[in-house]
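The block underneath contains the structure these notes are about, expressed in structure tokens.
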Amino acid sequence: MASIAQQRLESRLRRHRRVRKKVVGTAERPRLAVHRSNKHTTVQLIDDDAGHTIVAASTTEAAVRGSGSGSTVAAATEVGRVVAQRAKAAGVSKVVYDRGGYLFHGRVAAVAEAARQAGLEF
């Protein structure tokens with residue numbers, strides 16, 4: 001029998017595949033994909049038509065790291081703000097949000113809220 005951690009991972013991946021059937025990023029409206037680990041949060045703007053990442057931000061970067069842990073809501077808020085600024089610089093104002101199978105709560109919600117406040121439209 002699989003461990004609890006393995007079951008949670010499989011459930012998240014199942015949810016992620018189900019959501020990805022409907023959520024597709026284009027050049028005009030790229031996909032804002034969030035990945036959350038135990039230590040860090042990573043966000044990417046992805047053009048699925050061309051198959052490349054437009055901009056990205058993570059708590060592992062020196063610009064975001066600052067003080068404290070990368071696994072906090074404050075760090076996720078900073079990542080959302082940074083990715084929104086980079087998206088604006090790249091000429092992107094509208095995105096489609098891909099929560100990656102995670103619950104829209106905590107760090108995942110903090111990224112979305114910070115990106116909205118920084119000017120991205122969902």
Side-chain angles (χ1 to χ4, degrees):
M1 185 168 172
S3 69
I4 298 293
Q6 185 66 30
Q7 289 176 356
R8 286 181 180 161
L9 175 64
E10 290 170 359
S11 296
R12 183 190 73 80
L13 293 176
R14 192 175 319 118
R15 284 189 304 271
H16 186 51
R17 284 191 298 268
R18 186 171 59 233
V19 169
R20 283 287 288 122
K21 289 178 186 177
K22 300 175 185 175
V23 176
V24 178
T26 62
E28 298 82 31
R29 192 176 176 126
R31 177 169 54 99
L32 183 69
V34 176
H35 181 264
R36 175 181 63 87
S37 72
N38 286 339
K39 290 187 176 184
H40 296 288
T41 304
T42 304
V43 181
Q44 299 178 351
L45 272 181
I46 302 170
D47 177 4
D48 289 319
D49 291 340
H52 73 278
T53 300
I54 300 169
V55 296
S58 175
T59 55
T60 59
E61 297 176 6
V64 179
R65 211 173 309 144
S67 62
S69 173
S71 63
T72 61
V73 171
T77 302
E78 183 65 20
V79 169
R81 188 185 60 76
V82 168
V83 78
Q85 289 176 348
R86 292 178 184 174
K88 290 288 218 173
V92 175
S93 62
K94 291 186 178 184
V95 298
V96 59
Y97 192 68
D98 178 12
R99 60 186 174 88
Y102 302 106
L103 292 176
F104 191 79
H105 182 266
R107 290 188 278 161
V108 176
V111 168
E113 187 59 34
R116 277 190 197 109
Q117 288 179 354
L120 283 183
E121 294 180 35
F122 286 45

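Note that the coordinates shown come from a computational prediction; the quantities given were computed from them, not determined experimentally.
- Each of V95, D49, V55 was scored for a side chain to side chain contact (heavy atoms under 4.5 Å, CB included) with P30, with one residue passing: V95.
- Grouping Ile, Leu, Val, Met, Phe, Trp and Tyr by side-chain contacts under 4.5 Å, direct or through others, leaves V24 on its own.
- Side-chain heavy-atom separations under 4.5 angstrom define the hydrophobic clusters, and the remaining members of the one that includes L9 are L13.
- Within the structure, side chain to side chain donor-acceptor pair (under 3.5 Å) contacts touching residues 85-100 (residues at least two apart or in different chains) are R31-D98, E61-R86, R81-Q85.
- For the side-chain contact (heavy atoms from CB on, under 4.5 Å) test, residues two or more places apart in sequence or in another chain that qualify with A27 are D47.
- More than 12 heavy atoms of other residues, nucleotides or ligands sit less than 6.0 Å from atom NE2 of H52.
- Summarising the hydrophobic clusters (Ile, Leu, Val, Met, Phe, Trp, Tyr; side-chain heavy atoms under 4.5 Å, direct or chained), the residues clustered with I46 are none.
- Using a 4.5 Å heavy-atom cutoff, the side chains of L32 and V43 are in contact.
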Show the atom names and distances, to 0.1 Å, of all donor-acceptor pairs under 3.5 Å that link a side chain in residues 109-122 to residues at least two apart or in another chain.
| from | atom 1 | to | atom 2 | distance (Å) |
| --- | --- | --- | --- | --- |
| E113 | OE2 | Q117 | NE2 | 3.3 |

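- Among residues two or more places apart in sequence or in another chain, the side chain to side chain donor-acceptor pair (under 3.5 Å) test is passed with S58 by T42, T60.
- Residue A75 comes nearest to T59 through the heavy atom pair CB-CG2, 3.9 Å, listed as atom of the first residue, atom of the second, then distance.
- Through direct or relayed side-chain contacts under 4.5 Å between Ile, Leu, Val, Met, Phe, Trp and Tyr, V19 connects to V23, V96.
- What you find for Q44 and T53 is that their closest heavy atoms are OE1-OG1, 3.7 Å.
- Take H16 and apply the side chain to side chain donor-acceptor pair (under 3.5 Å) test, not counting sequence neighbours, and it matches no residue.
- Applying the salt bridge (Lys or Arg N to Asp or Glu O under 4.0 Å) test to pairs two or more places apart or on separate chains, those with a residue in residues 11-25 are R20-D48.
- Of the possible polar contacts, one joining the Y102 side chain to the R36 backbone as a donor-acceptor pair under 3.5 Å is found.
- Evaluation of the side chain to side chain donor-acceptor pair (under 3.5 Å) rule for S71 yields S69 as partners, not counting sequence neighbours.
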